[in-house]
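So you know, we letter chains A, B, ... as the sequences are listed, proteins then strands, and number each from 1.
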2 protein chains.
Amino acid sequence: MTDADHRTLHNRVLAALGPAIATGEFAPGHVFTLERLERDYGVSRTVAREAVRVLESMRLVLSRPRTGVRVRPVEEWSVFDPQLIRWRLAGPGRTDQLRSLTELRAAVEPPAAAAAARWASAEKRGRLLAINDEMLAAGGAGDLETFLELDIEFHRLILRLSGNEMFAGLSGVVAEVLAGRTAYHLMPHHPRADALRLHTHVAQAVYDGLPKVAEAAMRAIVDEVVEALSRVDGPRNAR
Amino acid sequence: MTDADHRTLHNRVLAALGPAIATGEFAPGHVFTLERLERDYGVSRTVAREAVRVLESMRLVLSRPRTGVRVRPVEEWSVFDPQLIRWRLAGPGRTDQLRSLTELRAAVEPPAAAAAARWASAEKRGRLLAINDEMLAAGGAGDLETFLELDIEFHRLILRLSGNEMFAGLSGVVAEVLAGRTAYHLMPHHPRADALRLHTHVAQAVYDGLPKVAEAAMRAIVDEVVEALSRVDGPRNAR
DNA sequence: GCATGGTATTGGTAATACTATTCAAGAAGG
DNA sequence: CCTTCTTGAATAGTATTACCAATACCATGC
């Protein structure tokens, strides 16, 4: 959610340069030099180099002597880098990014719910029921802001309870997606009654240790989310 | 597959420091200074800082004045960073990493196969059948090396054909897993007849534009892989 | 076509000044 | 006494600058 620490200069350069590359303003193949960065952002060579090194580790650019810094083809980018995801969500490609992330959610969350039902400890499974209760309350009261927070917490907890580090590593991404689809008004941001019921099913199934039920309920949730995104944003091929 | 470019000094520092952190030798909470890096690796301050910046962008460490560079808790790491995944696969935690990545594969590849069947163009779907033919040939001839290469290419193509950037972004990871489980001898590296048949089903279903069939066949493949990993490596709770 | 050398640009070092953060000592107040 | 707040020094990262080395592109000329 929070952007990278802007206290350091190289992060400020990244905050300008990263989005420029991520949104395609500096398209793949585009070349710039360190000196250019020094002039454009009024920073020293050291700082410019640090920024480039970070972009390099994200596989956004390639730096070579005599050539300069070249933007790499999109297929080579580390598209799972949280920073890069945030940059793309903030730019004009946010709809595409949101769609691909939502499809990723739809793939991962059902198995994650199943794993949580199988492996999670009793105490933590209880927390899921508690959050669900709060969600029902906030949803009924029409308090959309806290509902969003609880929704994020619910899905984050499922991913953590799965006991799989990779699944858990997606919790930040899922939070971005949940926040993003309301922030960008791409979804009807009204908690629907059937969605709420399905969350209860997931929580209860995880609590009762029923992997298949948890997986099916979660799949119903995410499939509906993918559907809703198509309705609002147009079907996939019509982009 | 290939490690990061070792031509630059900061990458050589990373090649030593990264694995040390990734494998827990430098545990979370551990603190070191730039001066320490300068002395240990015989590099200048500039190079040491560049290495730290990269680790920082992977969320492995936090650098603060007066404190030094502190290793962050594992839950905060960017576990999808390809570099980090490679470091962990090379260390003592490779079994756990392989298991979590395999579960990730199992979650993502079936939906990816379905998406490929829905959206991919005719020409590229044909390539899938061709690779499958080669796989059958190599498998029959007992040529395990080229079989592995083709297997990697097969799964990479599915992920690319899905038309989802995030799925496609996992193709490198899947390649690591496929290569890793034979390299570390954690799998019986004999292509099984039923696995081969299932690959054919996937290729044919994608070619014929049958998402549900492609998804089911792929799910059969990856579920068997997860099963096999449990058999060889022990069930998940007995780690 | 192919060698070859000039040159632009990054790679790396070193010295130095600045700045943020911590921590301890001491003062002020309860 | 004990607690809390201020103050200041020590420490380590942050940033700048200048300079030399290495590299790889590219034009030139054979």
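- At whole-Å resolution of the value, CG in A:Asp5 and P in D:dG13 are 16 Å apart.
- A donor atom on one side chain and an acceptor atom on the other are found under 3.5 Å apart for A:His10 and B:Arg53.
- Here D:dT14 presents its C1' atom at 13 Å from CD of B:Glu38, a figure rounded to the nearest Å.
- Where B:Gly42 and A:Thr33 meet DNA chain C, the nucleotide closest to each residue was compared, and A:Thr33 sits on the side nearer the 5' end.
- Heavy atoms of B:Arg53 sit under 4.0 angstrom from primed sugar atoms or phosphate atoms, though from no base atom.
- Side-chain contact between A:Leu17 and A:Tyr41 is present, with at least one heavy-atom pair separated by less than 4.5 Å.
- Of the candidates C:dG11, C:dT13, D:dT16, C:dT13 carries the atom nearest the B:Ser44 side chain, counting heavy atoms from C-beta on.
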Return the polar atom pairs (N/O with N/O) between nucleotides 3-5 of chain C and the protein under 3.5 Å, or none.
none

Considering only nitrogen or oxygen atoms on both sides, find all protein atoms under 3.5 Å from nucleotides 17-21 of chain C and state each distance.
from	atom 1	to	atom 2	distance (Å)
C:dT21	OP1	A:Arg7	NH1	2.9

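- Counting any heavy atom pair closer than 4.0 Å across all strands shown, A:Arg70 reaches no nucleic acid atom.
- Put simply, CD on B:Glu56 is 10 Å from C1' on D:dG13, counting in whole angstrom units.
- In the model, A:Thr46 has no side-chain atom that pairs as donor or acceptor with a side-chain atom of B:Thr46 under 3.5 Å.
- Of the options A:Val61, A:Leu62, A:Leu55, a side-chain contact (heavy atoms from CB on, under 4.5 Å) to A:Val69 is made by A:Val61 and by none of the others.
- With rounding to whole Å, A:Leu34 atom CG is found 10 Å from C:dT9 atom P.
- Rounded to whole Å, atom C1' of C:dT10 lies 15 Å from atom CG of A:Leu55.
- A donor-acceptor pair shorter than 3.5 Å cannot be found between the side chains of A:Asp81 and A:Ser78.
- Look at NE2 on B:His10: it is 13 Å from P on C:dT13, rounded to the nearest Å.
- A salt bridge is defined here as a Lys NZ or Arg NE, NH1 or NH2 lying under 4.0 Å from an Asp or Glu carboxylate O, and A:Arg88 with B:Glu165 meets this definition.
- Using a 4.0 Å cut-off between charged nitrogen and carboxylate oxygen, B:Arg59 and B:Glu76 do not count as a salt-bridge pair.
- For the pair A:Arg49 CZ and D:dT16 P, the computed distance is 14 Å after rounding to whole Å.
- A residue-by-residue look at A:Val69 and A:Thr46 shows that A:Val69 has its nearest nucleotide of DNA chain C further toward the 5' end.
- Panel note: side chain B:Trp87, backbone B:Thr23; no donor-acceptor pair is recorded below 3.5 Å.
- With 3.5 Å as the limit, one finds a donor-acceptor pair spanning the side chains of B:Asn11 and B:Thr8.
- If you measure from atom NE2 of B:His6 to atom C1' of C:dG12, you get 18 Å, rounded to the nearest angstrom.
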